[in-house]
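Remember, predicted model here, so these are calculated numbers, not experimental data.
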Amino acid sequence: MLLSHYQEELIEAGCDEAGRGCLAGPVFAAAVIFPKGYFNPVLNDSKKLSEKKRKDLRPIIERDALAYAVMPVSPEEIDKINIHNASYKAMHLALDALHIKPELLLIDGNRFVPYPNIAHQCIIKGDGKYLSIAAASILAKTYRDEYMEELGKEFPHYDWATNKGYPTVRHRTTVLELGLTPHHRKTFNVSRPQQLELF
């Protein structure tokens, strides 16, 4: 069961990102502030939930949160500042957009670029430990998936409706055959998918 808070005194915001390992599309990040003592037994790390469950939980999170925000950073920016910095920038942008200022940030992972004047705590696998981080992971994932599905209508050969920009065999093969789109991250290497050899 996930925890409702890291400590009891300060206003906490959970932060997480989605799309760091993709070949195409922006990286998205979300920040979520829940009421003190918030409880939801279904909330969990987005990677442990089905797509349907994530979609079902999104309006519940948005309804129950005291504040939330989701922000992207473009592939062009990712290529300029690298994916790690772009992930942190997306988190900062999401925090900028909150209408309630948190006093402590719970960050999924082991690194973060400090946000001005707000303390933070990095938590490895935090999206499987704290409700606010899990909620942020679900929002970031569902908003990004929705974005890639729409983008995929313009570029159906790359199968973004299914792979959401991640480097599946079909996605990599299509890039090698048709080339990159304006939505690909140019600094990411696209290797040829391993093929089984028959003897």
Side-chain angles (χ1 to χ4, degrees), residues 1-8 10-73 78 83-84 86-95 97-98 102 104-113 115 118-149 160-168:
M1 188 175 299
L2 274 60
L3 301 171
S4 66
H5 56 270
Y6 182 80
Q7 48 74 60
E8 296 185 353
L10 304 176
I11 299 172
E12 296 178 352
C15 301
D16 202 2
E17 52 75 29
R20 183 176 292 199
C22 293
L23 297 178
V27 62
F28 275 65
V32 177
I33 299 174
F34 278 133
K36 291 288 184 184
Y38 179 74
F39 176 71
N40 185 322
V42 184
L43 265 184
N44 205 340
D45 171 8
S46 66
K47 295 183 291 296
K48 297 179 181 178
L49 300 172
S50 67
E51 184 174 8
K52 181 181 184 305
K53 183 62 71 175
R54 289 193 296 266
K55 288 181 177 179
D56 290 344
L57 281 167
R58 177 167 140 183
I60 295 172
I61 293 166
E62 294 175 347
R63 178 197 70 198
D64 293 350
L66 294 176
Y68 71 90
V70 186
M71 297 295 289
V73 168
I78 291 170
I83 186 59
H84 297 291
S87 298
Y88 304 142
K89 181 174 181 177
M91 288 187 188
H92 281 222
L93 291 171
L95 291 164
L98 291 173
L104 176 66
L105 309 178
L106 303 185
I107 307 297
D108 183 56
N110 61 356
R111 294 183 196 169
F112 185 60
V113 173
Y115 186 87
I118 301 179
H120 71 269
Q121 180 66 47
C122 290
I123 301 168
I124 297 172
K125 297 184 179 179
D127 47 4
K129 297 176 181 177
Y130 290 94
L131 289 169
S132 61
I133 303 179
S137 78
I138 291 168
L139 291 189
K141 173 69 173 165
T142 55
Y143 274 78
R144 189 183 186 282
D145 284 358
E146 192 175 84
Y147 180 92
M148 293 305 297
E149 287 166 10
W160 290 339
T162 301
N163 64 49
K164 310 300 190 293
Y166 283 90
T168 61

Point to revise | From I33 atom CD1 to L105 atom CG, the distance as rounded to the nearest 0.5 Å | key: 9.0 Å
Point to revise | Heavy-atom check, side chain of Y147 versus side chain of P26, under 4.5 Å | key: yes
Practice item. Give a yes or no on whether the backbone of A90 and the side-chain of E17 come within a donor-acceptor separation of less than 3.5 Å. Key: no
Review point. Counting distance only, does the side-chain N/O of R20 pair as donor-acceptor with the main-chain N or O of H84 below 3.5 Å?
Key: no
Practice item. State, yes or no, whether a side-chain contact exists between L95 and C15 at a heavy-atom distance under 4.5 Å. Key: yes
Review point. Could you state the interatomic distance from NZ (K53) to OG1 (T142), rounded to the nearest 0.5 Å?
Key: 14.0 Å
Practice item. Carefully, step by step, assess C22 and R144 under the rule side-chain contact (heavy atoms from CB on, under 4.5 Å). Key: CA-CA 11 Å; C22 293; R144 189 183 186 282; 3.4 Å; yes
**Study point:** Heavy-atom closest pair, residues L106 and E12
**Key:** CD1-OE1, 3.4 Å
Practice item. Please tell me if the side chains of S4 and F39 come closer than 4.5 Å, counting only heavy atoms from C-beta onward. Key: no
Review point. At their closest point, which heavy atom of A31 faces which heavy atom of A94, and how far apart are they?
Key: N-CB, 4.0 Å
Review point. If you look at every heavy atom in N40 and V42, which pair is closest and at what distance?
Key: OD1-N, 2.9 Å
Study note, to complete from the structure: Between Y130 and H5, the two heavy atoms sitting closest are CE2-O, 3.4 Å
Review point. Taking all atoms of both residues into account, what is the closest heavy-atom pair of A134 and D45, and its distance?
Key: CB-N, 4.1 Å
Review point. Does a side-chain heavy-atom distance below 4.5 Å link E62 with L139?
Key: yes
Exercise for review: Show your working on side-chain contact (heavy atoms from CB on, under 4.5 Å) between L131 and Y38 and close with a plain yes or no.
Suggested key: CA-CA 8 Å; L131 289 169; Y38 179 74; 4.2 Å; yes
Review point. Listed by chain and number, what are the ring-ring contact (aromatic ring centres under 6.0 Å, His included) partners of H92, not counting sequence neighbours?
Key: F112, Y115
Review point. Around Y166, counting heavy atoms of other residues, nucleotides and ligands shown, do more than 12 lie under 6.0 Å from its OH?
Key: yes
**Study point:** Spacing of CD1 belonging to I133 relative to CG belonging to D16, to within rounding of 0.5 Å
**Key:** 7.0 Å
Review point. Nearest 0.5 Å, what's the OG1-CG distance between T168 and L23?
Key: 8.0 Å
Review point. In terms of side-chain geometry, is the basic nitrogen of K47 or D127 positioned less than 4.0 Å from the acidic oxygen of its partner?
Key: yes
Check your understanding: Does NZ belonging to K36 count more than 12 external heavy atoms closer than 6.0 Å?
Key -> yes
Exercise for review: Determine whether L43 and I61 make a side-chain contact, defined as any pair of heavy atoms from C-beta on separated by less than 4.5 Å.
Suggested key: yes
Revision key, fill the gap. For W160 and A24, the nearest pair of non-hydrogen atoms, with its separation, is CZ2-CB, 3.6 Å
Point to revise | Test item: R54 side-chain N/O and K141 main-chain N/O as donor-acceptor pair under 3.5 Å | key: no
Point to revise | F28 and V73: CA distance, side-chain angles, deciding distance, side-chain contact (heavy atoms from CB on, under 4.5 Å) verdict | key: CA-CA 6 Å; F28 275 65; V73 168; over 6 Å; no
Check your understanding: Hey, is CD on E8 packed in by over 12 heavy atoms from elsewhere, all under 6.0 Å?
Key -> no
Review point. Does K164 pair with E149 as a salt bridge, N-O distance under 4.0 Å?
Key: yes
Exercise for review: Without swapping roles, check the side chain of S137 against the backbone of S46 for a donor-acceptor pair under 3.5 Å.
Suggested key: yes
Check your understanding: What do the steps show when you test Y88 against R111 for side-chain contact (heavy atoms from CB on, under 4.5 Å), and what is the final call?
Key -> CA-CA 9 Å; Y88 304 142; R111 294 183 196 169; 3.1 Å; yes
Exercise for review: Report yes if the side chains of I60 and R58 come closer than 4.5 Å at any heavy-atom pair, otherwise no.
Suggested key: no
Review point. Counting N and O atoms only, with roles assigned by atom type, does the side chain of K129 sit under 3.5 Å from a partner on the main chain of I124, one being a donor and the other an acceptor?
Key: yes
Review point. Nearest 0.5 Å, what's the CD1-OG distance between I107 and S87?
Key: 11.5 Å
Revision key, fill the gap. Distance col, row E146:CD vs K55:NZ, nearest 0.5 angstrom, shows 8.0 Å
